[in-house]
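What you see is a predicted model; the values in this text were computed from it and never measured.
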Amino acid sequence: MTVSSGNGSLGERFVGLELQLGQWGEVTLEAAMRVSSETAIYRTNHPEVVVKIFDLDCGLPDEVSYGPYVEFQLEVANFEEIQSLSPLQSLVPRFYGADIHYERRFAYVGMEFLAGQDLQEWCDAGVKHGESAAWVKQFRRTAYETFAILERFHENRIVVIDFKPENVLRLPDGHVRFVDMGAFFTPRYLGKTKEYLYSATPDYAELLIDSANVESGIPLTQASDIFASGVALFEMVTGDSRLSLAPETAEDILQDASVYLFRDSQIKDTWKAYPHLEGVLPLVENQLREGRVLFSELWHILKGYMASGVEQWDHYSDEEKDELFLKTGEDFIRGHLSESLAWLARPIARATTLRSLRLESVAELMALVRDPASQEVLSLLEGQNVFLQFLKESGQSSRPLERLNAWDVRFHEESGRWAISGPACCQFVEEEAAFTSVVAGETDYEGNTYYHLANEDEPGHEPQSLIELKEARSSWIL
């Protein structure tokens with residue numbers, strides 16, 4: 001079966017197409033799940049497999065569309081690079097193969113189908129139903145674990161670049177996975193940054209900084225991902241990636257052109273280098289007139305506004321200016337958040353502010369998002385938990401107990417003691433998790449299974465390696 005030659009949408013043209021896909025042999029494309037102007041993701045006759053189609057038809061007989069062609073090449077190269085990095089393999093879909101058909105003007109990538117919702121879909125549903133206390137706790141955990149994955153990419157010298165909620169999938173069991181491989185800045189570009197095709201979504205990027213750095217051969221850094229993470233946090237809970245301004249505030253700023261004219265001149269220079277951005281990267285003046293401001297411009301506007309509008313601004317020390325600047329921005333962001341999510345104002349502000357004041361690592365962002373276990377629970381764990389006592393006696397763990405979050409601990413009613421989740425215990429012992437044996441005990445009515453350390457003299461119980469519980473969120477060690 002061949003591709004339809006009609007002018008149907010990209011989500012329809014490839015239905016019924018049969019492709020050869022590595023270990024799966026011949027697969028047939030069924031309904032499209034997601035469609036953009038140049039790509040579409042199709043379900044197939046194998047429920048475990050999806051295929052991403054890149055439309056290469058540019059309307060000319062002997063040419064292919066350059067943008068989708070390069071995106072296809074990048075995605076394949078990034079999948080292959082991640083396959084070689086064992087710490088990252090389980091954090092993205094499995095890669096099943098790729099190919100390009102020049103005559104029929106398309107390319108494709110086969111990958112694992114992951115059921116779930118992207119973070120924006122999941123958050124929209126949670127916010128719509130009133131942000132219950134239980135949902136806020138789930139949101140906090142999901143955000144923390146998403147940033148933990150981002151940190152692992154950084155540990156492997158990969159900057160994700162196009163980080164946004166729709167590119168992160170939340171699975172039914174609560175785990176998260178990154179599902180878009182197209183924009184990564186990986187180690188293969190170090191020393192040859194100018195060869196990197198910079199591709200980012202304007203609302204989540206500091207285009208003026210990053211595009212200039214790429215042109216100058218300066219490697220991109222995790223500062224870009226930290227910024228995008230702050231914007232993502234805001235959009236997940238508000239549904240908007242831009243900040244709204246009251247008409248009187250916007251008009252007040254517009255009266256002082258010195259606040260925005262320099263930024264507008266920089267934006268116009270960026271348009272000259274990248275003409276396609278003119279439609280998606282508006283001038284600051286236009287953002288103010290619309291009353292919706294990009295995060296990449298918020299802090300520049302605020303800095304100029306405060307310099308001209310705060311009484312005796314020049315009498316403040318640099319440290320006092322920075323403190324007042326950050327607090328003012330944080331208060332402004334907080335005004336867009338509901339009461340139950342007001343705590344997000346600080347991590348959003350510290351992630352999106354000017355680079356000179358920004359958080360230096362994703363670990364610092366995680367520290368602002370986390371929900372630490374109470375000191376009372378930590379004290380009880382230290383005195384009662386057999387697993388922790390074993391670690392202390394064997395000198396295995398260097399992980400501070402204070403890094404446990406509220407979701408890492410659970411009270412075991414039958415024994416009257418607190419337990420630590422299997423995944424958290426694996427982090428405590430790291431490489432030794434594969435050589436630490438535990439034995440399953442009872443399972444409660446919610447499906448939580450409680451384990452204890454294996455005893456060689458214990459009859460009738462089959463021990464298993466602690467590493468097997470690395471992803472088991474319903475496992476608990478006493």
Check your understanding: Going through the checks in order, is the ring pair (Phe, Tyr, Trp, His ring centres under 6.0 Å) test met by Tyr42 and Tyr108?
Key -> CA-CA 10 Å; Tyr42 285 83; Tyr108 67 91; over 10 Å; no
Ignoring hydrogens and geometry, is there a side-chain-to-backbone donor-acceptor pair from [X] to [Y] under 3.5 Å?
X: Thr238; Y: Asp240; result: yes
X: Glu121; Y: Gln117; result: no
X: His336; Y: Leu243; result: no

If the threshold is 4.0 Å, N to carboxylate O, is there a salt bridge linking [X] and [Y]?
X: Arg355; Y: Glu206; answer: yes
X: Asp371; Y: Arg141; answer: no
X: Glu81; Y: Arg157; answer: no
X: Lys327; Y: Glu323; answer: no

message: side-chain hydrogen bond (donor to acceptor under 3.5 Å, both in side chains) for Thr449 and Thr443? Distances and angles first, verdict last.
response: CA-CA 4 Å; Thr449 300; Thr443 299; 2.9 Å; yes
So side chain to side chain donor-acceptor pair (under 3.5 Å) across residues 83-97, not counting sequence neighbours, yields Arg94-Glu112
task: Answer with yes or no whether the side chains of Trp299 and Thr352 bring together a donor and an acceptor at under 3.5 Å.
output: yes
- Message: Less than 4.5 Å apart, side chain to side chain, heavy atoms only: is that true for Ile467 and Phe435?
- Response: no
For Gln120, the side chain to side chain donor-acceptor pair (under 3.5 Å) test, sequence neighbours excluded, returns Asp124
Ring pair (Phe, Tyr, Trp, His ring centres under 6.0 Å) filter on Phe227, not counting sequence neighbours, yields none
